[in-house]
Amino acid sequence: MQDPRKLGRLALGLGLGAAVLGMSTSALAQRDVGRNLYNGPDHTLEITAPSGDTGPAPAGSKPPNLDVKDFNGHWVNFGIKHLAGPAAGVPAPLRPKYLKLLEKRMRDTNSGIPEGDASTQCFPHGTPRAIESPYPVEVIMTPAAHGQPAQVTILMETLHNIRRLYLTDKHNAKMGESFLGESIAHWEGDDLVVHTNKLNTRTYLDDEGTTHSTQESVVEHIHKSPDGKKLIVLSTVTDPVTLYHPYTTRTVLHWRPDIRNQEFICEENNRNGVDEHGITTAK
Amino acid sequence: MKRSTLHSLLAAASFALAASYGVTSSAQDPAHPDLSGIWTLTKPINAAKTEDGKTPPLTAAAKAVYDKNLALGKKGNRSFDGVSECLPPGMPYAQLLNKPFQVLQKPDALYFLYQENRVPRWVYINQPHPPSDEIDPTFMGDASAKWEGDTLVADIVGLNDKTVLDRSGLPHSADMKLTERLSVKDGILTDRITITDPANYTAPWTTVATYKRVPASFRIPEEVCATKVIQTHLDVNGKLAGTAVKRAPAKTASAAPAAAATVKK
């Protein structure tokens, strides 16, 4: 039998291969056509997004755990949601200055000269952008021990991001600002409620370049579907500097027990190489 | 007797036996010693030595490479060490860094989460390696482990040759194999790593590192090595902030940095 990791990688590779098809002339490009996800009338702001995705776990994979408070295991976001505002293609409720900045970034991308952002500089993606990644995540839940609080760890394949959600009731005064912030969490029924703050301003809220201030905070409600196959993440973003009002964006992660996180070395760009035609690839 | 009851009794017996030797069992994996926690070296290690404190048995060719690395290191030139370019340290170097790491423990895996640039390492328990022709060499290798009594014994293969073994620059080849033996007693974690690499060492040799847990209030900070080499970003007002630091091209770089800008992640 083929190694399940390889099968998962192949499926993911196809999905991500599709993710770069906007620029590709490969056979895959002809199979998979990008979609414009921007809902507005201004065509200079179009987002041509891939429609490829990874699909569910193959038949015969380990069945999902039906304990709705047990998030352990591997999960994959099947699609990349662009403009991670209150709905697909709808920007966050940005104040005018920050909306203009977003539009500038989108036009720069459309004109072929995108700004470097956190991910292209090998910095963690920030929140909520990180959970939108199409690369797998592994969730590991561990109890309190040795003076450390219970922890829900989200190991992200992309950029080897690590999110530690501490099950405590207070933020730690010693923790400074960081790319992924400081997250504390508690249970409300079957929802894991995560509060994240202390986010530095070197990241965007989404792939398109929605900006935020150091006053950003995010409350995530994470719950598992009764069939155990989905983790649904509702992220409510608050930022009194850049936003008129808070908004909520939704991400669905799918149970994929057949894969393992692979080594992702942004620092040597081992996953986004350029082929002999100068076309960026992803694997 | 129900199977679950039997398991509980066995786990309790194992706990009692382990406790009597200064070993406590894991809450996540009651049948085995508790290796979890945030650990740091009991004393810094600048150069890996054999168990009896000697320089490893280098071949003549490897000694020449090592002497060159030592000479560079003395001049403050770290070009032989990928860690200086934000690459993962590899093994056993990751275990010899003078920075904390967190161990998460599950019955089927041990996770090492290094403070150093957020590098993760997976040690899968009771799960065999994939077929050798399906292992793509990586910085941290493919680790398959089994419990032998109170010691977790990991077999590590599939390590690439882009790393050195330690801060001093001990070389290795891509054919290197490691055997890692992890055990805990009286609050001290011991990692005994045997290096087998005939291309560079005339015989297998073992290096030993010991660790203590950090104070309970310590949390691993988010360390982002890339901020040291690429420091431009646009601030909240869309202004360029920070300073572009010219970075020497990495020996292993496979693509122009600009290429990544076109990929959505």
Side-chain angles (χ1 to χ4, degrees), chain A residues 3 5-6 19-20 23 49-50 80 82 101 104 114-116 118-125 133-135 140 142-143 145-148 151 153 155 158-162 164 172 174-175 178-180 201-202 207 211-213 241-242 260-261 263 265-270 272-274 280 282, chain B residues 26-28 34 36-38 85-88 102 104-106 109 111 113 117-120 122 124 130-131 134 136 138-140 162 213 215-222 224-227 230 232-238 241-242 250 252-265:
Chain A
D3 176 22
R5 285 179 285 178
K6 292 282 173 184
V20 291
M23 296 135 283
I80 313 170
H82 291 261
L101 186 55
K104 176 188 179 299
E115 279 176 11
S119 74
T120 60
Q121 300 190 72
C122 304
F123 300 161
H125 293 69
S133 166
Y135 287 90
I140 306 142
T142 46
H146 313 296
Q148 303 285 337
Q151 187 173 310
T153 308
L155 293 184
T158 187
L159 281 164
H160 44 98
N161 288 335
I162 300 175
R164 291 180 173 87
N172 186 325
K174 290 181 184 165
M175 295 282 271
S178 61
F179 288 87
L180 292 168
T201 56
R202 305 176 80 166
D207 280 0
T211 203
H212 68 88
S213 77
V241 175
T242 61
R260 288 177 178 174
N261 286 23
E263 200 165 74
I265 314 297
C266 175
E267 293 82 353
E268 67 163 5
N269 202 7
N270 74 329
N272 303 133
V274 177
T280 304
Chain B
S26 161
Q28 273 296 300
D34 183 6
S36 75
I38 302 177
E85 295 190 341
C86 303
L87 297 175
Q102 183 171 31
L104 306 177
Q105 184 168 359
K106 292 282 190 184
Y111 303 81
L113 309 180
N117 201 25
R118 308 155 2 264
V119 170
W122 287 259
Y124 295 105
E134 291 182 19
D136 295 327
T138 55
F139 284 84
M140 303 306 287
K162 299 175 183 177
R213 286 192 178 93
S217 62
F218 181 84
R219 302 284 178 271
I220 292 199
E222 181 189 77
V224 182
C225 180
T227 59
I230 309 169
T232 56
H233 70 285
L234 290 152
D235 69 11
V236 69
N237 294 312
T252 52
S254 57
T262 57
V263 175
K264 300 288 186 185
K265 298 195 191 92

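In what follows, every chain begins at residue 1, and chains take the letters A, B, ... in the order their sequences are listed. Scope of the values below: all heavy atoms of this structure, side chains included, with no hydrogens, waters or symmetry mates. Everything numeric here is computed off the predicted structure, so don't read it as measured data.
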Checklist line | Nearest-0.5 Å distance, CG of residue B:Leu87 to CD1 of residue A:Ile265 | finding: 7.0 Å
Notebook entry, point to check: So what's closer than 4.5 Å to chain A heavy atoms on B:Ile38: side chain, backbone, both or neither?
Noted result: side chain
Item checked: Worked check of side chain to side chain donor-acceptor pair (under 3.5 Å) between A:Arg164 and B:Gln102 -> CA-CA 11 Å; A:Arg164 291 180 173 87; B:Gln102 183 171 31; 2.7 Å; yes
Checklist line | Heavy-atom donor-acceptor pair, A:Gln148 side chain to B:Phe218 backbone, under 3.5 Å | finding: yes
Next item on the list: Quick one: which of B:Asn117, B:Asp34, B:Val119 has the most heavy-atom pairs under 4.5 Å with chain A, could you say?
Entry: B:Asn117
Notebook entry, point to check: Any chance the SG atoms on B:Cys225 and A:Cys122 come in under 2.5 Å?
Noted result: no
Notebook entry, point to check: Top residue by heavy-atom pair count (under 4.5 Å) with chain B, among A:Leu155, A:Asn161, A:Ile140?
Noted result: A:Ile140
Notebook entry, point to check: Is it the backbone or the side chain of B:Arg118 that comes under 4.5 Å from a heavy atom of chain A, or both, or neither?
Noted result: both
Next item on the list: Would you mind checking which part of B:Pro221 comes under 4.5 Å of any heavy atom in chain A, side chain (CB onward), backbone (N, CA, C, O), both or neither?
Entry: neither
Check: Where on A:Lys174 is there a heavy atom nearer than 4.5 Å to chain B: the side chain, the backbone, both, or neither?
Finding: side chain
Notebook entry, point to check: Can a cation-pi geometry be assigned to A:Arg260 and B:Tyr124, taking NZ or CZ under 6.0 Å from the six-membered ring centre and within 45° of the ring axis?
Noted result: yes
